[in-house]
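Worksheet: the structure to be examined is printed underneath.
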Amino acid sequence: MLVRQLLVGLLALLVSSLSLAQVVHDAEYYILKMQNGDKWQKEDVEIDRRLQALRKKYGQPPNIVFLLWDDTAFGAVGFPALQKNFGYTTPNLNKMAAQGINFTRMYAEPSCTPTRAAMLTGRHPVRHGMGAVGMPHEFSGLRAEEVTIAEVLSKAGYATGFFGKGHLGDIEESYLHNQGFDEALFTPMNQITSLYNPQANAVNAVLGLFPDIYPPDPYRLDNPGLVPAGWVMNIEGEKGNPGREWCGTSNECFSKFDPEAERRTMAFIRKNAEAKNPFFVAYWPNFLNFMAVYMPKRSVAGLMVADSFPAVDDFVGQLMDELHNLGIAENTIFIAMADNGPMVHSPPAGWGMLPMLYRGGKGDFTEGGVRVPAFAWWPGVIAPEQTVGDIIHITDLYTTFARLGGAVEHIPMDRVVDGLDQTALLMNGDTYSRRDYVFIYTGKELGATVKGRYKRHWIGAGEVASSGMPEAYYDLYMDPREEYPQLVPLIHTQGQFNHMLARHRLFKKKYPDMPSGKGIPYTGLSNARPETKAIGERVRAVVKEMPFSIEEYLEFKVPGEDKVGDWGH
């Protein structure tokens, strides 16, 4: 009882301090602020002076370019010496790392949809129902009530563009041009759709997706049944206008997507540079095509990931050159990173998903799932040849970009924003992070908590002794692969980790998690195909025969459904 009273009192103290802050953060931030606030305030005075000098020099806030690709282990790019051992190279990404910051403790979410939602909203995806990987037909997506970084920067006068893999749902409110981007070309789903074609079905890469290539099945009663007929691979649109399906659903359209997204990214940059508009542009390539044939092979390794890197790497080089040619490199911050660790659990043969230093990969709350390669490049502002050991989280980019863009006042203050302002880390370098903790969710479950060099696993910790003390504590300096839990040496951290969790959950009680948006897939497309329109027609026809409403049907939570698209399970 006394412990609970102390925790409630601490929560009251933390909440009372929120009125002094522009943004509501999680409880742990206020613990750090109590101890470091005076130091941070002094740093911020100097940072503001430098940002104001840059704005005066260039007449506008800095441009922001953000590149996000898939499924890559920390160390797989940015470290030429390691690449020598694996038969491939990424010279431009390595150059970017050498000319700026190479982050060694950038944490993402365990899989692609959660990371992408976390970056755009600055919030752990568990807070808004985007913690699992969606598949068609999803009937779900990023809810309209979330305030994306594109919306925040738009209010500060930025032009905003998105080109690439969205994977944020198949409902109209989740479309990227409905989430703050002035123009967008995006995929509602992920790279699995590169297999959703008759050719892949013919070689059994997928099964039963195209019944028309089989002899007639005399026992088939339901059409389309389990087949997600009418799904859409790519959508384009402009803010305030209906979307349009782009190209189609063939693998040829999948192959055309990344080159088109690159072309639009460059055109967006050139257009706004010439107009002297500050801009935020996100390029998130599909990167991996399950049906791609590299003949001849592009790398000595000859593995799918190694052979996919040259396209992204070439674009990075072209982009840095173009920023210099346009005369805006010194007023543009460029950040590139992976969305999660490699698919080490039952990966396709010959893909070369390297786990490297850390254990686990995509979907795991171990370091191999969430610690990713990441680089920041900003000539004249970010000093070159920096290897930074501070903790930074994908959500921090949201708040940091808002600070750089002079848009913090547009961040919503009615919810927890997990992202912390890391401008000091970017501009001052190593040891200037404002974060020493990470909460790592897998789906809706809290998998682990990191605090500095130490980590506690909350689930999957093995058998618990009769004393109630789990073997769940790790020293990441001594055991970066999280293979040898330290019970006795680290048992003194148990109470402190428990209090971290208590504060976190009390904050969640005050600011409850919300579900994702729900709706009929692929509405709001001006050129929708008949089979796409038929999705909603089938739902309405089904519900007409049932004793429940469409709203009840769409909002019903299937027990365990989040485990299907949750790689960690």
Side-chain angles (χ1 to χ4, degrees), residues 65-108 258 262 283 285 287-288 294 296-324 329 333-344 347 350-362 367-390 392 425-426 429-430 476-477 480-481:
V65 180
F66 182 56
L67 166 63
L68 185 73
W69 73 90
D70 280 82
D71 298 10
T72 304
F74 170 78
V77 293
F79 295 90
L82 290 177
Q83 292 179 335
K84 288 288 185 183
N85 292 280
F86 298 107
Y88 70 96
T89 185
T90 55
N92 292 303
L93 282 164
N94 296 350
K95 177 182 176 182
M96 180 184 178
Q99 292 183 352
I101 290 176
N102 190 341
F103 294 104
T104 63
R105 294 194 74 180
M106 169 65 87
Y107 284 89
D258 277 1
E262 289 181 359
Y283 171 51
F287 181 52
L288 298 168
Y294 295 116
K297 293 288 188 178
R298 297 181 180 181
S299 68
V300 173
L303 302 171
M304 185 66 81
V305 173
D307 287 345
S308 299
F309 265 125
V312 175
D313 193 68
D314 288 348
F315 181 73
V316 168
Q318 294 168 23
L319 178 58
M320 290 193 295
D321 288 344
E322 186 66 11
L323 293 174
H324 279 300
I333 180 170
F334 176 21
I335 290 182
M337 62 180 288
D339 64 352
N340 47 250
M343 191 194 304
V344 297
W351 277 55
M353 293 281 193
L354 306 172
M356 305 192 79
L357 177 62
Y358 300 108
R359 180 168 66 90
K362 189 183 186 81
E367 299 292 287
V370 293
R371 200 188 291 206
V372 296
F375 320 113
W377 181 85
W378 188 354
V381 177
I382 291 177
E385 300 181 359
Q386 294 189 70
T387 302
V388 167
D390 301 78
I392 180 172
L425 181 60
L426 292 176
D430 199 36
L476 295 177
Y477 283 171
R481 292 184 58 79

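- For the pair Ser308 (side chain) and Ala306 (backbone), a donor-acceptor distance under 3.5 Å is absent.
- Between Met353 and Leu288, the closest side-chain pair of non-hydrogen atoms falls below 4.5 Å.
- Atom CE of Met96 is separated from atom CG of Leu319 by 8.0 Å, given to the nearest 0.5 angstrom.
- Atom CZ of Phe79 and atom CG of Asn102 lie 4.0 Å apart (nearest 0.5 Å).
- Note that OH of Tyr294 is 6.0 Å distant from CE of Met304, once rounded to the nearest 0.5 Å.
- Just one residue in the list Leu93, Ile101, Ile382 forms a side-chain contact (heavy atoms from CB on, under 4.5 Å) with Phe375, and that residue is Leu93.
- At distances below 3.5 Å, not a single donor-acceptor pair connects side-chain atoms of Asn340 with backbone N or O atoms of Lys362.
- The NZ atom of Lys297 sits 5.0 Å away from the CG atom of Asp307 when rounded to the nearest 0.5 Å.
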Trace of the ring-ring contact (aromatic ring centres under 6.0 Å, His included) decision for Phe103 with Phe74: CA-CA 9 Å; Phe103 294 104; Phe74 170 78; over 10 Å; no
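- Side chain of Asn85 to backbone of Ala81: a donor-acceptor contact under 3.5 angstrom is found.
- Minimum heavy-atom separation, Met337 to Val372: CE-CG2, 3.8 Å.
- Between the side chain of Gln83 and the main chain of Ala76, a donor-acceptor pair closer than 3.5 Å is present.
- In this structure, CG on Leu68 lies 11.5 Å from CD1 on Ile335, to the nearest 0.5 angstrom.
- Between Pro355 and Val344, the shortest heavy-atom distance links the atoms CB-CG1, 3.9 Å.
- Rounded to the nearest 0.5 Å, atoms CG (Asp258) and CZ (Phe315) are 10.0 Å apart.
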